[in-house]
Amino acid sequence: MLLSNNWNNNRNGSGGSKFGNGGGKFGGNNVSKFGGGGGRFGGSGGGFGGKKEFGGGQNMKRPNWDSVSLQPFNKDFYNPHPSVLNRSPYEVEDYRNKHEITVSGVEVPNSIQHFEEANFPDYVLQSISGQGYKEPTAIQAQGWPIAMSGKNLVGIAQTGSGKTLAYILPAMVHINNQPPIRRGDGPIALVLAPTRELAQQIQQVASDFGNTSYVRNTCIFGGAPKREQGRDLERGVEIVIATPGRLIDFLEKGTTNLQRCTYLVLDEADRMLDMGFEPQIRKIIDQIRPDRQTLMWSATWPKEVKKLAEDYLGDYIQINIGSLQLSANHNILQIVDICQEHEKENKLNVLLQEIGQNQDPGAKTIIFVETKRKVENITRNIRRYGWPAVCMHGDKTQQERDEVLYQFKQGRASILVATDVAARGLDVDGIKYVINFDYPNSSEDYIHRIGRTGRSKAKGTSYAFFTPSNSRQAKDLVSVLQEANQVVNPQLQTMADRCGGGGGGWNRSRFGNGGRGGGGSFKRGSNFGRGGGGGGHKRFNDY
DNA sequence: AAAAAAT
């Protein structure tokens, strides 16, 4: 056994009040403390009802948690390793600085620096080393001790930063500390994600680590037959990973319920809000017992996300990896070509040829296009020129989407043409080039798109065709380029100067700052401001 | 105006 058991003293030392009565168990009676109508949780009550299709909620009443007889929920699995507890504040500070970790909140546990310190049980550690992971990433180093303490957590971090593992492994530990699932029980852990592909990626990670822990999972999403998903739910699973719509469907039908759910993860919360999922998310969370642990992840920290955190997380610890300023991966060479709309097609052909000539055979390319229809057209055109292209967008059946992604991953087709459905979270190895055939609607989207390349320390190149109709975005783009130490196309600079005025509202207005619950203000890296040029921080992968 | 997400 790796785990020593003298943690009990330490825990008492930091005040038993943290966990309520000091006893680990939260029985049904304790729950009422949190529940009740006007409590701190679920304050926004019937916050749904906006959208017709999903709204209503007639079929799904919010449980009265006082009257629901809940299975006990064991929060008493906090097991911090003495070496972490005894680590000097300076060492912790130093580690956080080096990894650009900023934290806010009350009683933030020290970060770990090695897997062994996380105090995961042996079976989890074994699967970690079995998968070939060496060192925890920044988000894991700081996220694990917090998640393992049972506290609520807000993590501002990107996909590819290792955040999936940061919440899945503690989920395993959490689950294994709960009474087993019984007949008719819903899942203990629920992960909500914005897109079907992302949900499936998360499920893959959960399966990789779940097998050794005897933790079952299922992935619930639309576009696929219901039968199998429903069967999984009825049979009983510990983890459900879901996109909101289909899950609500199952909840309304009573196929599953969330009365056993004590570990909730909201992944890419900003994205889910962008996509208008807020009513659905609220509807789902209102089905989950208030004494749960909640972990919310977001790439950005706009006020909508902050509001969600305030409504549903109560007290939480916030961690932020890298600067709060949105910045592109510095491993990517960014090239911006100013042109007219009608020139694009020809330019694409030339570009593909250039790429084709000097690239290694395994290299992959993603081409981002504005609309589904244009995706189809462009794919047809470049295929006519002999390029091995496949395409993906939201009108394709899920089966087609899965198949296309598989072909692209396998390298059977090295070019993927896609709408923004593929802009975020898509984790495919070997993408060398990203071509923004149509410039996206925001710098945020741009950064996410080009982030499909240059993952885990690899180099990548991005191209963007930038037309006069995009000129409103010129200024923002220039700051992104400057921040990443890129050469700025003089024509782009001219456009940015001409379209001065307000310039790039998103990044000022959309980022609040963290800090909550009397724990001092959010500590910022030295590069926090909108400084151009100098920044040495890497947002996406300094791991 | 477009994209994503339940049927």
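In the text below, chain A, chain B and the rest are named by the order of the sequence lines, each starting its count at 1.
Side-chain proximity of A:Glu252 to B:dA6, B:dA5, B:dA3: nearest is B:dA6. Of all nucleotides listed (B:dA3, B:dA1, B:dA5), B:dA1 comes nearest to the side chain of A:Asn441. In the set B:dA6, B:dA1, B:dA5, the nucleotide with an atom closest to the side chain of A:Phe277 is B:dA5. When each of B:dA3, B:dA1, B:dA6 is scored by its nearest atom to the side-chain atoms of A:Glu370, the top-ranked nucleotide is B:dA1.
Residues meeting the side-chain contact (heavy atoms from CB on, under 4.5 Å) test with A:Glu343, sequence neighbours left out: A:Cys339, A:Gln340, A:Lys347. Contacts of A:Glu278 classified as salt bridge (charged side-chain N to carboxylate O under 4.0 Å, His left out), with partners at least two apart in sequence or in another chain: A:Arg282.
As a whole-Å value, the separation of A:Tyr446 OH from B:dA3 P is 22 Å. Put simply, CE on A:Met392 is 12 Å from C1' on B:dA3, counting in whole angstrom units. Distance, A:Gln473 CD to B:dA2 P: 17 Å, rounded to whole Å. Atom CG of A:Asp267 and atom P of B:dA5 are 15 Å apart (whole Å). Note: CG (A:Asp445) to P (B:dA2) measures 16 Å, nearest angstrom. In this structure, A:Glu268 atom CD and B:dA5 atom P are separated by 13 Å, rounded to whole Å. What separates CZ of A:Arg401 from P of B:dA3 is a distance of 13 Å, to the nearest Å. Atom pair A:Asp420:CG and B:dA1:P shows a separation of 18 Å (rounding to whole Å applied).
Put simply, A:Thr243 has a side-chain N or O that comes within less than 4.0 Å of OP1 or OP2 on B:dA6. Contact check, A:Arg373 against B:dA3: no side-chain N or O comes under 4.0 Å of OP1 or OP2.
Salt bridge annotation for A:Asp249-A:Lys226: present, with a cationic side-chain nitrogen under 4.0 angstrom from a carboxylate oxygen.
In this structure, A:Arg271 reaches neither bases nor backbone, as no heavy-atom distance under 4.0 Å exists between it and the strands shown.
Side-chain contact between A:Tyr433 and A:Glu354 is absent, with no heavy atoms from C-beta onward closer than 4.5 Å. Considering only heavy atoms from C-beta on, A:Trp297 comes within 4.5 Å of A:Ile139 through its side chain.
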